[in-house]
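Written below as structure tokens is the structure these notes are about.
A note on names: the letters A, B, ... follow the listed sequences, proteins ahead of strands, and every chain is numbered from 1. Only a predicted model underlies this, so the values are computations on that prediction, with no experimental measurement involved.
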2 protein chains.
Amino acid sequence: MTVTLADVAARAQVSPATVSRVLNGNYPVAASTRERVLRAVDELDYVLNGPASALAAATSDLVGILVNDIADPFFGIMASAIQAEIGGPGGRAGGERLAVVCNTGGSPERELTYLTLLQRQRAAAVVLTGGAVEDAPHAAAVAAKLRKLHDAGTRVVLCGRPPAPDTGAIALTFDNRGGGHELTEHLIGLGHRRLGYIAGPEERTTTRHRLEGHRAALADHGIEEDPRWTVHGRYDRQAGYEATLELLRRDPTLTAVVAANDSVALGACAALRDSGLRIPDDVSVAGFDDLPFSVDAVPSLTTVRLPLAEAGARAGRIAMGREEPPPGEIATIRGELMVRGSSGGPRG
Amino acid sequence: MTVTLADVAARAQVSPATVSRVLNGNYPVAASTRERVLRAVDELDYVLNGPASALAAATSDLVGILVNDIADPFFGIMASAIQAEIGGPGGRAGGERLAVVCNTGGSPERELTYLTLLQRQRAAAVVLTGGAVEDAPHAAAVAAKLRKLHDAGTRVVLCGRPPAPDTGAIALTFDNRGGGHELTEHLIGLGHRRLGYIAGPEERTTTRHRLEGHRAALADHGIEEDPRWTVHGRYDRQAGYEATLELLRRDPTLTAVVAANDSVALGACAALRDSGLRIPDDVSVAGFDDLPFSVDAVPSLTTVRLPLAEAGARAGRIAMGREEPPPGEIATIRGELMVRGSSGGPRG
DNA sequence: CATCAGATAGAAAGCGCTTGCTGTGACGCT
DNA sequence: AGCGTCACAGCAAGCGCTTTCTATCTGATG
């Protein structure tokens, strides 16, 4: 039924071994023979059996990319950049690799299961993107898995994720703390003293780091933080909307709202508008990430730009072994403050 | 080095066959034996070798999802919904399947290569999303590939893509033509007579269908179309911005701009604003898709909602064989006109 | 008590490919 | 002329798992 290597070999009048070598191209084969084989492959419309080849060679050409939410451009952009470097078809990479993105939906279990699945497929490399969950047992389980993958020869790269010590994983980490600090400092510089903060889900590293940066900035300027000024929620627009209403309820005198990310900030803007407040005249708003739509918002969003595409590309190259890992296997990627129309001096 | 089935068998004092059967659970195994095996698996931390098992069983648990642009929420949302149904880990599906999304970047060659790669992996199913390219040779090549995949037992589902006759593929098609028609009709109903249209890339089915709907609506109302009123561009915000400036240059008297999709529409809004025009007082704007951010735009965007998540979920279920394919193997999914703030009567 | 169906477990034959090792001519060297 | 060297090509042994067929044991049946 299906065409196998042996069929091609028969047709080209050579041994299966020769066909295999022509296809893999890592062994000398006479030009004339090669041509004959290639013609046979073409005529029979032969397609290599991936599993068989992976089994025999003990390696596969699968590269896994784990993301928290594939519908979120934050991850989409990184995944896209990673995939472009992995080669996938058409990439500049020599061997064709199947870059696959796996959507964990932010669930620790799914993350773990996907890692097992990739381990099972003997993936060539795995790139984990986005913040990690700060649950000790789960973190340990993931670390163990990463270590195992690494030991099995799978290259593991963390992109926009905190380092995982002793796992052999290369980490490209975003400086969320620094970015958060700079952003809040900017607002303080404008004269704001009562700042609301809409944080992401409690147990995520990204959430914690950004919040820490924010608080550090407040502390630096001797501003005592009111616990009512922080609200947690999901990383989406809806959460931002609701959290903002809650903040306004708790303290209507806030002059600025800092959001966990741009989507949340957009929700915040909508809530402020719906509450009859002008941005930035009445309340300033700031986001994080600088996703493409942020510059288009009205007013355009003050935020911290994270070089998602660049980071992804680099992670992809490292995963493919086409770029040296950073010294110490850890690199910190800084964000860049983008001051735009959504932030201004308080009340006036 | 790595633990194999045989190791587990030895440890559990059973034959490899038994271990395999315990793991696959489709053959009677005494409870006590099963337990012993499971314990051994656990103790040895055994992970099944995917390729080996795929080879022996002649099937794999890979499901491919092809998207044009993973960084675009349009695809992200569909992919997310599909993946959720495929199961991936944690899904309600029984067997764990590895749902992998492949980013073609809109390139026909990459699309083809990914299909080959998936064929090579003996994928259990493949879902293609988004519009197709209307290049005859390429379309034929894709059709041939789909046919081959289908014949090899891979379930093929098209989601938001026109049917591919005689390939055995199930198609869930969006009614782009109808949506485009309804949208333009709405604007005409408001009194608009000079409507600019920002179309997507020329050679895509989605582009053509939406444009056809637009033109049909114009024709229905006896409006003669000026060729200067149509500009083609990419499906992104930037293209919308530039195309709008071009339209304005060609005919400053336009009272409405219809965009190929919401991102393009947002770009159009930005361009109009930058040109000192108010929306919708001076010019009305309409998009397509109703992506999450569209309702947040200022003013909120009049557009056609496509049930991306529902369609994706259905495609996923069909791909898994958990839902009957539609009669005739083709279903047309209609959009819903969402009238919002960006459209109003012309000039006041 | 002999017989047989039913329930489990094992033996072994692959699945389709890769690769170390073994030929085998053709060349070049002394 | 004799022989070591290459450059290729083929042999055959797996890679780790699934699955058919067969063997064994149990308890039920007549």
Side-chain angles (χ1 to χ4, degrees), chain A residues 1-38 40-41 44-62 95-96 117 119-124 152-153, chain B residues 1-38 40-41 44-62 95-96 117 119-124 152-153:
Chain A
M1 173 64 224
T2 65
V3 184
T4 73
L5 234 211
D7 299 329
V8 176
R11 171 128 195 164
Q13 317 227 55
V14 297
S15 73
T18 302
V19 177
S20 170
R21 300 205 256 245
V22 167
L23 263 26
N24 291 299
N26 45 14
Y27 190 89
V29 173
S32 63
T33 314
R34 175 197 319 288
E35 175 140 345
R36 203 144 31 90
V37 170
L38 256 19
V41 165
L44 295 176
D45 209 9
Y46 169 69
V47 176
L48 186 71
N49 182 316
S53 134
L55 171 58
T59 65
S60 92
D61 49 10
L62 221 63
E96 270 166 6
L117 241 34
Q119 179 184 10
R120 177 176 298 185
Q121 299 299 329
R122 306 302 190 248
Chain B
M1 173 62 225
T2 63
V3 183
T4 75
L5 237 211
D7 299 330
V8 176
R11 172 130 195 163
Q13 317 227 55
V14 297
S15 74
T18 300
V19 177
S20 170
R21 299 203 258 245
V22 167
L23 263 25
N24 290 298
N26 45 13
Y27 189 91
V29 172
S32 64
T33 313
R34 175 197 319 288
E35 173 139 346
R36 201 142 33 89
V37 169
L38 257 19
V41 166
L44 294 175
D45 209 9
Y46 170 69
V47 176
L48 186 70
N49 182 317
S53 125
L55 172 58
T59 65
S60 92
D61 49 8
L62 222 62
E96 269 166 7
L117 242 35
Q119 180 183 8
R120 178 176 297 184
Q121 299 299 329
R122 306 301 188 253

TODO: Report yes if at least one side-chain N or O of A:Thr4 is closer than 4.0 Å to OP1 or OP2 of C:dC15; otherwise report no.
DONE: no

- [ ] May I ask you to decide if A:Arg21's main-chain N or O and A:Asn24's side chain share a donor-acceptor pair within less than 3.5 Å?
- [x] no

Task: B:Ser20 side chain near D:dT18 phosphate (N/O to OP1/OP2, under 4.0 Å) - done: yes

TODO: Would you mind telling me which residue lines up with the more 5' stretch of DNA chain C, A:Ala54 or B:Val14, judged by nearest nucleotide?
DONE: B:Val14

Open item on the list: Between P on D:dT19 and CG on B:Leu23, what's the gap in Å once rounded to a whole number?
Closed with: 13 Å

Open item on the list: Reading DNA chain D from 5' onward, which residue's closest nucleotide shows up sooner: B:Leu48 or B:Arg21?
Closed with: B:Leu48

Task: Earlier contact from the 5' end, DNA chain D, for B:Ala52 and B:Ala17 - done: B:Ala52

- [ ] Select one nucleotide: of C:dA9, C:dT18, C:dT8, the one nearest the side-chain heavy atoms of B:Pro28.
- [x] C:dT8

- [ ] Take the protein atom CG of A:Leu5 and the nucleotide atom P of D:dG10, then report the distance between them rounded to whole Å.
- [x] 13 Å

- [ ] Work out which heavy atom in A:Ala40 is nearest to a heavy atom in A:Ala12; give both atom names and the distance.
- [x] CB-CB, 3.9 Å

Open item on the list: So for A:Tyr27 and D:dA7, does any side-chain atom that can act as donor or acceptor lie under 3.5 Å from a complementary atom in the base?
Closed with: no

Open item on the list: Can you tell me whether the side chain of B:Arg122 and the base of C:dG16 have a donor-acceptor pair closer than 3.5 Å?
Closed with: no

- [ ] Could you check how far CD of B:Glu35 sits from P of C:dA9, rounded to whole Å?
- [x] 13 Å

- [ ] Please tell me if the side chains of A:Arg11 and A:Val19 come closer than 4.5 Å, counting only heavy atoms from C-beta onward.
- [x] no

TODO: Identify the residue among B:Arg122, B:Gln121, B:Arg120, B:Gln119 that makes a side chain to side chain contact (heavy atoms under 4.5 Å, CB included) with A:Asn49.
DONE: B:Arg122

- [ ] Round to a whole Å and report the spacing from CD of A:Gln13 to P of D:dG10.
- [x] 10 Å

Task: Nearest-angstrom distance from the residue atom CZ of A:Arg120 to P of D:dG16 - done: 16 Å

- [ ] Among the candidates D:dT19, C:dC17, D:dG16, find the nucleotide nearest to the side-chain atoms of B:Asn49.
- [x] D:dG16

TODO: Answer yes or no: does a side-chain N or O of B:Asn24 lie under 4.0 Å from OP1 or OP2 of D:dT18?
DONE: yes

Task: d(CG, A:Asn26; C1', C:dC17) in whole Å - done: 13 Å

TODO: Give a yes/no on whether any side-chain N or O of B:Ser15 is located under 4.0 angstrom from OP1 or OP2 of C:dA11.
DONE: no

- [ ] Using a 4.0 Å heavy-atom cut-off across all strands, classify B:Val19 as base, sugar-phosphate, or nothing.
- [x] nothing

Open item on the list: Can you measure A:Arg34 atom CZ to D:dA7 atom P for me and round it to whole angstrom units?
Closed with: 15 Å

Task: Heavy-atom side-chain proximity of A:Thr33 to A:Val14 below 4.5 angstrom - done: yes

- [ ] Please report, rounded to the nearest Å, how far the C1' atom of C:dG14 is from the CG atom of B:Leu55.
- [x] 9 Å

